[in-house]
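Chain letters run A, B, ... following the sequence lines, proteins first and then strands; every chain starts at 1.
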Amino acid sequence: MAPKRSTRASTRAADSSQGDAAPDGDDNDEVDVKKPVRGKRSASDRSEKKAKAEPPSIPLFSHWLMKSEPESRLENGIDVKFGIEDLKALPNQTGCWDGVRNYQARNFMRDMRKGHLAFFYHSNCKEPGIAGIMDIVKEAYVDHTQFDKKDVHFDASSKPDSPKWSMVDVQYQRMLQRFIPLSELKKYHLQHGANGGPLKSMALFTRARLSVQPLTSEEFQFVLDLENKAPI
DNA sequence: GCCAACGTTGGC
DNA sequence: GCCAACGTTGGC
């Protein structure tokens, strides 16, 4: 059975002990060791291989955009709503970004480092766009929801001794001074495509369906500067 | 609600 | 390894 949405979906708070009580050992289960399985490789193994990036010794990006749905929507009878206000409402304003079921999105989460910044993007809603900023507060570790039969993002093909899916913990930092709608970003994207400018190859438009995506520092800074400018 | 874009599956 | 069929994403 196919995985469902790759956007984040649950409202689970992050383990509040995450701070200093999350030593490296915890994260090490998550290393990319794929047991060499003898014999036939499944289609998903192949998909994963294709999506797998070269292991970069130096992280390429330090800014991110992560999508989640701020409006109620039932998936298998479960509400997948999780907007920036929901993150803000969690203990310590911190939550785990679970439910990502796309290899490229997962790989980007594995590239995230503590202290990286991410935009919280509202998707699949009345007004899509960037609502605020989060901090990455815990680096990639096993997404427990892949083993939970009751979870919307349960993945029967993932085994506890070689988990497929990872998540990070994020902490709410602040709202943008004004909501930056997708429509406005798109205007800049088109303008920059024609005349040059920082948003000309923004992943939001070139990789529209990717729920976790990188931004260059220039892209991030340009978007950030928009909060103090009048909408176009 | 529609549907284009694109990722995944699985037979061959 | 190819690729048609299928399923999901997410704007509109």
Side-chain angles (χ1 to χ4, degrees), chain A residues 1-10 32 34 37-54 64-87 97-111 118-132 143 145-146 151-159 162-167 176 179-193 199-215 219 223 226 231-232:
Chain A
M1 130 235 359
K4 302 300 184 195
R5 292 293 230 213
S6 56
T7 40
R8 189 199 186 290
S10 93
D32 224 2
K34 189 112 191 148
V37 180
R38 301 182 59 79
K40 97 180 192 181
R41 305 194 64 91
S42 71
S44 67
D45 286 338
R46 280 181 270 125
S47 297
E48 171 166 12
K49 197 131 218 186
K50 195 173 168 194
K52 185 160 288 182
E54 289 303 304
W64 309 93
L65 180 149
M66 303 170 86
K67 300 179 182 177
S68 187
E69 302 184 32
E71 292 172 6
S72 286
R73 188 176 60 81
L74 295 186
E75 207 173 293
N76 301 342
I78 297 163
D79 192 353
V80 298
K81 170 184 188 291
F82 188 80
I84 193 165
E85 298 297 342
D86 299 301
L87 175 61
W97 205 269
D98 60 1
V100 171
R101 297 293 181 269
N102 168 283
Y103 291 113
Q104 297 190 56
R106 180 205 66 182
N107 291 345
F108 282 131
M109 286 203 296
R110 290 179 176 180
D111 286 343
F119 285 132
F120 196 122
Y121 178 89
H122 282 171
S123 71
N124 207 17
C125 56
K126 204 80 164 265
E127 193 171 34
I130 297 173
D143 178 347
T145 65
Q146 66 198 297
D151 194 279
V152 181
H153 303 288
F154 172 67
D155 182 356
S157 74
S158 182
K159 299 297 170 225
S162 64
K164 277 189 183 173
W165 306 110
S166 305
M167 61 186 185
L176 291 188
F179 182 84
I180 311 289
L182 176 64
S183 57
E184 182 175 348
L185 294 169
K186 186 180 254 174
K187 286 177 197 165
Y188 282 111
H189 169 65
L190 293 172
Q191 196 175 296
H192 293 182
L199 298 198
K200 68 172 183 299
S201 29
M202 192 183 189
L204 194 55
F205 305 103
T206 60
R207 312 287 325 283
R209 296 177 46 201
L210 197 55
S211 69
V212 175
Q213 43 182 264
L215 286 84
E219 289 166 344
V223 173
L226 293 180
I232 62 166

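- Atom CZ of Phe205(A) and atom P of dG11(C) are 10 Å apart (whole Å).
- Pairing each heavy atom of Cys125(A) with each of Pro128(A), the nearest pair is O-CD, 3.5 Å.
- Here dG10(C) presents its C1' atom at 17 Å from CE of Met66(A), a figure rounded to the nearest Å.
- The aromatic ring centres of Trp64(A) and Phe120(A) sit 6.0 Å or more apart.
- No side-chain heavy atom of Gln213(A) sits under 4.5 Å from any side-chain heavy atom of Gln104(A).
- At a threshold of 4.5 Å between non-hydrogen side-chain atoms, the residues Leu204(A) and Leu215(A) do not count as touching.
- Of all nucleotides listed (dG10(C), dG11(C), dG7(B)), dG11(C) comes nearest to the side chain of Leu182(A).
- In this structure, Arg73(A) atom CZ and dT8(C) atom P are separated by 11 Å, rounded to whole Å.
- One can place CD of Glu75(A) at 12 Å from C1' of dG7(C), the figure rounded to the nearest angstrom.
- Listed pair Arg209(A) / dA4(B) fails the phosphate criterion, with no side-chain N or O lying under 4.0 Å from OP1 or OP2.
- Taking only side-chain nitrogens and oxygens, Lys186(A) never comes nearer than 4.0 Å to OP1 or OP2 of dG10(C).
- What separates CG of Leu210(A) from C1' of dA5(B) is a distance of 13 Å, to the nearest Å.
- Protein atom NZ of Lys67(A) is 10 Å distant from nucleotide atom C1' of dG11(C), rounded to whole Å.
- His153(A) places its NE2 atom 8 Å from the P atom of dT9(C), with the value rounded to the nearest Å.
- In terms of phosphate contacts, Tyr121(A) brings a side-chain nitrogen or oxygen within less than 4.0 Å of OP1 or OP2 of dG11(C).
- Taking atom CD of residue Gln213(A) and atom C1' of nucleotide dA5(B), one finds them 15 Å apart after rounding to whole Å.
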